Number of protein chains: 2
Amino acid sequence: MEHSPTVGTRPFRELCADHGLTATHQRQVLYEVMQTMPGHPSPEEVYARVKKRIPAISLATVYKNIHLFVERGVLKEVSMHHGSLRVELNNHLHHHMVCSHCKAITDIEEKDLGVLPALQRLPGGFQAERYAIDVIGICAACQKTKRS
Amino acid sequence: MEHSPTVGTRPFRELCADHGLTATHQRQVLYEVMQTMPGHPSPEEVYARVKKRIPAISLATVYKNIHLFVERGVLKEVSMHHGSLRVELNNHLHHHMVCSHCKAITDIEEKDLGVLPALQRLPGGFQAERYAIDVIGICAACQKTKRS
DNA sequence: TTGACGAATAAGAATAATTATCGTTTACTA
DNA sequence: TAGTAAACGATAATTATTCTTATTCGTCAA
């Protein structure tokens with residue numbers, strides 16, 4: 001099975017350099033796997049997928065690198081109404097709709113939600129970097145199965 | 001040590017009745033303790049405080065009643081960029097500023113943030129009930145202790 | 001009022017999720 | 001290519017959450 005080792009590799013190395021991370025094989029696979037999981041995967045789910053490509057990888061490594069990615073801005077932590085850590089790639093701007101009944105999280109585009117006014121001059125000298133909006137309510141499926 | 005058992009008791013019983021909860025001693029203490037913790041306490045922190053008044057209480061009881069309070073709308077779950085559940089009294093409308101460095105959460109009034117346009121007609125037939133905004137950034141204290 | 005019944009509760013046990021530790025291996029720099 | 005710091009993997013420890021069960025609470029009929 002022929003493949004070019006440089007395809008996809010260079011962008012990842014650049015990404016690591018940009019974020020001050022050393023580029024390890026495990027991290028690259030972790031990152032690639034998460035690119036194929038567009039939702040809000042749990043660490044266990046990511047681990048299961050990565051294990052197919054690196055059977056010897058440890059769950060602790062997955063946790064450590066997820067936290068590291070979050071810390072360095074490669075991933076974004078999704079505010080949780082789950083029982084476990086959830087993340088997503090820090091790609092395009094969107095927010096979340098959280099069903100208060102079944103806890104499902106779905107994405108909503110910023111344009112479908114409207115934009116907040118400027119984030120300058122917040123109380124206490126807080127320096128804003130971004131904002132995350134959770135719209136909380138009842139999803140369509142739960143509306144059907146629920147009386148009143 | 002004399003104290004009037006009705007002071008503070010009746011409002012709590014009313015609150016329970018309003019939310020369809022039976023008024024138990026543990027719940028009352030839990031509620032009273034949380035009133036003295038205006039921030040966004042974790043279950044462990046609440047547990048530590050409650051234990052001073054009810055040494056026999058179990059952490060599980062704290063968790064269960066916190067969840068129950070959230071379910072019935074007495075408490076509100078704070079969207080977390082913490083590793084653990086955080087709650088607050090469900091009092092007035094505000095959002096949160098989360099420091100991505102020290103994880104502190106401070107409240108921000110809705111008027112200081114601006115208001116979102118209407119929440120009608122969301123994609124997928126999602127029925128919105130409320131929204132919660134997290135402004136993520138660096139708090140004043142962390143700005144000082146951080147180079148570049 | 002009192003006692004039996006059913007529902008709701010609290011405690012502790014059990015489980016799940018996450019983090020810390022530590023010996024070994026790997027990646028970057030000179 | 002050797003030196004050094006960082007990362008890895010295994011597993012233990014800790015923390016968070018759920019489950020189970022004995023007990024308690026409130027109600028209602030006698």
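Order of the sequence lines fixes the chain letters, A, B, ..., with proteins taken first and strands second; residue numbering starts at 1 for each chain. Here the structure is a predicted model, which means the values were calculated and not measured.
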Among [options], the nucleotide that comes nearest once only the side chain of [X] is considered:
X	options	answer
A:Arg27	C:dA10, C:dT18, D:dA7	D:dA7
A:Thr22	C:dA17, C:dT9, D:dA6	D:dA6
B:Asn65	D:dA16, C:dA10, D:dC8	C:dA10

> Do any of residues 51-61 of chain A sit with a heavy atom less than 4.0 Å from DNA chain D, and if so which?
Replying inline: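 Within residues 51-61 of chain A, the residues near DNA chain D are A:Ala56, A:Ile57, A:Ser58, A:Ala60, A:Thr61.
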>> Check this for me: does the side-chain of B:Lys64 come within 3.5 Å of the base of C:dA10 through a donor and an acceptor?
In response: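 Yes, the side chain and the base share a sub-3.5 Å donor-acceptor pair.
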Atom-pair distance ([atom1] on [X]; [atom2] on [N]), nearest Å:
X	N	atom1	atom2	result
B:Arg72	C:dA8	CZ	C1'	11 Å
A:Leu30	D:dG9	CG	P	11 Å
A:Tyr47	D:dT11	OH	C1'	12 Å
A:Leu68	C:dT19	CG	P	13 Å
A:Ile66	D:dA7	CD1	P	16 Å
B:Glu44	D:dT14	CD	P	13 Å
A:Leu21	D:dA5	CG	C1'	15 Å
B:Glu77	D:dA16	CD	C1'	13 Å

> Do the rings of B:Tyr131 and B:His95 sit parallel, tilted or perpendicular, given the 30° and 60° boundaries?
Replying inline: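 B:Tyr131 vs B:His95 ring planes: parallel.
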Could you tell me whether the side chain of [X] and the main chain of [Y] form a donor-acceptor pair under 3.5 Å?
X	Y	result
A:Asn65	A:Thr61	yes
A:Gln127	B:Gln143	no
A:Arg13	A:Ala23	no

>> What's B:Gln26 touching, base or sugar-phosphate or nothing? Going by heavy atoms closer than 4.0 Å.
In response: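 Sugar-phosphate, no base atom in range.
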Does [X] have a side-chain nitrogen or oxygen under 4.0 Å from the phosphate oxygens OP1 or OP2 of [N]?
X	N	result
A:Arg86	C:dT18	no
B:Tyr63	D:dT17	yes
A:Thr24	D:dA6	no

> Knowing that exactly one of B:Leu75, B:Val29, B:Val74 qualifies, which makes a side-chain contact (heavy atoms from CB on, under 4.5 Å) with B:Met34?
Replying inline: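 So, applying the side-chain contact (heavy atoms from CB on, under 4.5 Å) to B:Met34 and each of B:Leu75, B:Val29, B:Val74, only B:Leu75 qualifies.
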> Between A:His25 and B:Ser42, which is nearer to the 5' end of DNA chain D once each is assigned its nearest nucleotide?
Replying inline: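 The 5'-side residue here is A:His25.
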>> Can you confirm whether the side chains of A:His19 and A:Glu71 place a donor and an acceptor under 3.5 Å from each other?
In response: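 There is no such pair (donor and acceptor under 3.5 Å, judged by atom type) between the side chains of A:His19 and A:Glu71.
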> Between B:His40 and B:Glu45, is a side-chain hydrogen bond (donor to acceptor under 3.5 Å, both in side chains) present by the stated rule, with each step listed?
Replying inline: CA-CA 10 Å; B:His40 308 92; B:Glu45 287 162 349; over 6 Å; no
